[in-house]
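None of the values given here were measured: they were computed from a predicted structure.
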There are 2 protein chains.
Amino acid sequence: MEVMNNVENVKTQMRRGVLEYCILSILSKKDSYASSILSELKDARMIVVEGTIYPLLIRQKNQGLLTYRWEESPQGPPRKYYQITDKGRQALAEMDSAWQELVETIRLLREK
Amino acid sequence: MEVMNNVENVKTQMRRGVLEYCILSILSKKDSYASSILSELKDARMIVVEGTIYPLLIRQKNQGLLTYRWEESPQGPPRKYYQITDKGRQALAEMDSAWQELVETIRLLREK
DNA sequence: TTTATGTACTTTGCGATACAAGGTAATAAT
DNA sequence: ATTATTACCTTGTATCGCAAAGTACATAAA
């Protein structure tokens, strides 16, 4: 214990809470595959690693929020392209509400 | 499995990420004890339960973010009043930044 | 006095999940 | 053949929220 700095830990947990939300958001714009989603999240400073994202995509697929298809890659092994489903879009809409509610809650807690 | 609805699960995880932040925020305004903090969070629609908050307060105390003292209650058993430390206030400031950064990240991810 | 009620703190067991680390496999370049 | 790159997957570990049950104190009711 005490290996991880507390604030880093809290940051990790904050990210954790919105990871599924972010992935659905990315896939709502265009189909994509794990490595690409990973890069996009890294660019947005949402630090995630492979061991996190692969199981997460599989879970979301199992929940019916996503489907996938294999596609040849211009170079390298084939890619597993994920596509958001109607159920996924519905879930995304609910997450939008949940997120906004949380942001508002924190705003109130922090200001007064 | 499949006991919990997915969106509920995501809400839970979103809350999880900010719980420590909320508690430090509440204690930054005035000293308080677990049951009272619990009510305050419930009023703010941050659903938390005893089994979550007690260990969390103990963890924060062990990290030096809080101290505590016992105080008699007007009625009922004595209360364990927690007080935020300088280190706690510093952590809170860092969490403010982390939170705002996250809010901005999500805003960008969701809009474009 | 005994019992019930309300308040408050604590602990145990379980399930979920992020991460580190390592593994598998396909393609292209050397 | 070997190496590098890209891509996907799995295992072990630690953390942590929650449900549930337990302990303890004070006061009110039976």
Side-chain angles (χ1 to χ4, degrees), chain A residues 1-23 31-42 46-63 66 68-82 102, chain B residues 1-23 31-42 46-63 66 68-82 102:
Chain A
M1 131 161 205
E2 200 66 48
V3 171
M4 199 182 211
N5 159 336
N6 172 263
V7 174
E8 266 319 304
N9 187 18
V10 169
K11 280 188 187 179
T12 300
Q13 292 198 209
M14 285 181 178
R15 277 194 300 266
R16 187 182 302 204
V18 294
L19 239 190
E20 292 199 41
Y21 181 35
C22 290
I23 287 175
D31 300 356
S32 190
Y33 58 101
S35 299
S36 172
I37 295 171
L38 210 54
S39 306
E40 202 165 333
L41 288 172
K42 282 215 174 77
M46 281 284 297
I47 298 140
V48 198
V49 294
E50 293 192 325
T52 298
I53 209 171
Y54 283 100
L56 204 164
L57 285 167
I58 290 167
R59 285 200 299 277
Q60 292 189 322
K61 184 214 56 169
N62 289 339
Q63 289 165 349
L66 306 178
Y68 71 84
R69 64 177 183 278
W70 287 98
E71 271 193 28
E72 295 294 311
S73 163
Q75 38 184 318
R79 297 167 176 169
K80 204 170 179 178
Y81 272 83
Y82 284 92
L102 184 62
Chain B
M1 137 165 197
E2 200 65 48
V3 172
M4 199 182 213
N5 157 338
N6 171 262
V7 174
E8 266 321 304
N9 187 17
V10 169
K11 279 188 187 177
T12 300
Q13 291 198 211
M14 284 182 178
R15 276 194 300 268
R16 183 184 306 204
V18 295
L19 239 189
E20 290 198 42
Y21 180 36
C22 290
I23 288 175
D31 298 358
S32 189
Y33 58 101
S35 299
S36 173
I37 294 170
L38 212 53
S39 308
E40 201 165 332
L41 288 174
K42 284 216 173 75
M46 282 282 298
I47 299 140
V48 198
V49 294
E50 292 190 325
T52 297
I53 207 171
Y54 282 101
L56 203 164
L57 285 166
I58 290 168
R59 283 201 299 276
Q60 292 189 321
K61 185 215 54 172
N62 289 339
Q63 289 166 348
L66 307 176
Y68 71 85
R69 62 178 184 278
W70 287 99
E71 270 193 28
E72 296 294 311
S73 163
Q75 38 183 323
R79 297 166 176 171
K80 203 170 178 176
Y81 273 83
Y82 284 92
L102 184 62

Might you work through the side chain to side chain contact (heavy atoms under 4.5 Å, CB included) test for B:Met14 and A:Tyr21, ending with a clear yes or no? CA-CA 10 Å; B:Met14 284 182 178; A:Tyr21 181 35; 4.0 Å; yes
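Taking atom CD of residue A:Glu8 and atom P of nucleotide D:dT15, one finds them 16 Å apart after rounding to whole Å. For the pair A:Met14 CE and C:dT17 C1', the computed distance is 18 Å after rounding to whole Å. Rounded to whole Å, the distance from CZ on A:Arg69 to P on D:dA7 is 15 Å. For the pair A:Leu38 CG and D:dT6 P, the computed distance is 13 Å after rounding to whole Å. If you measure from atom OH of A:Tyr68 to atom C1' of D:dC9, you get 12 Å, rounded to the nearest angstrom. The CG atom of A:Leu57 sits 11 Å away from the C1' atom of D:dC8 (whole-angstrom rounding). The distance from atom NZ of A:Lys42 to atom C1' of D:dA7 is 13 Å, rounded to the nearest whole Å. Spacing between atom CG of A:Asn62 and atom P of D:dC9 amounts to 12 Å, rounded to whole angstrom units.
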Protein within reach of the bases, or only the backbone? For nucleotides 4-15 of chain C, mark each nucleotide 5' to 3' as B, S or -, using heavy atoms under 4.0 Å. --BBSBBB----
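Taking the ring centre of A:Tyr33 as origin, the terminal cationic atom of A:Lys80 falls outside the region bounded by 6.0 Å and 45° from the ring axis.
An OP1 or OP2 oxygen of D:dG17 is reached within less than 4.0 angstrom by no side-chain nitrogen or oxygen of B:Asn9. Within the 4.0 Å cut-off from OP1 or OP2 of C:dA18, at least one side-chain nitrogen or oxygen of A:Arg59 is found. Checking the phosphate oxygens (OP1, OP2) of C:dA16, no side-chain nitrogen or oxygen of B:Gln13 falls inside 4.0 Å.
Proximity of B:Thr12 to B:Ile47: side-chain heavy atoms (C-beta onward) are nowhere separated by under 4.5 Å.
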Identify all side-chain donor-acceptor contacts of residues 48-61 of chain A below 3.5 Å with residues at least two apart in sequence or on another chain.
residue, atom, partner, partner atom, Å
A:Gln60, NE2, A:Glu20, O, 3.4
A:Gln60, NE2, A:Glu20, OE1, 3.4

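Judged by distance alone, the side chain of A:Ser36 and the main-chain N or O of A:Ser32 form no donor-acceptor pair under 3.5 Å.
Here B:Arg16 contributes atom CZ and A:Gln13 contributes atom CD; the two are 7.5 Å apart, rounded to the nearest 0.5 Å. Summarising the geometry, atom OH belonging to B:Tyr68 is positioned 14.5 Å from atom CG belonging to B:Asp31; distances are rounded to the nearest 0.5 Å. A distance of 12.5 Å separates CD1 of A:Ile37 from CE of A:Met46, quoted to the nearest 0.5 Å.
With salt bridges taken as basic N to acidic carboxylate O contacts below 4.0 Å, none links A:Lys42 and A:Glu40.
Across its full length, the helix from C:dT1-D:dA30 to C:dT30-D:dA1 shows an angle of 20° between the axes of its 5 terminal pairs at either end, rounded to 10 degrees.
Across D:dC16, D:dG17, C:dT17, the shortest atom-to-atom separation from the side chain of B:Leu56 is found for D:dG17.
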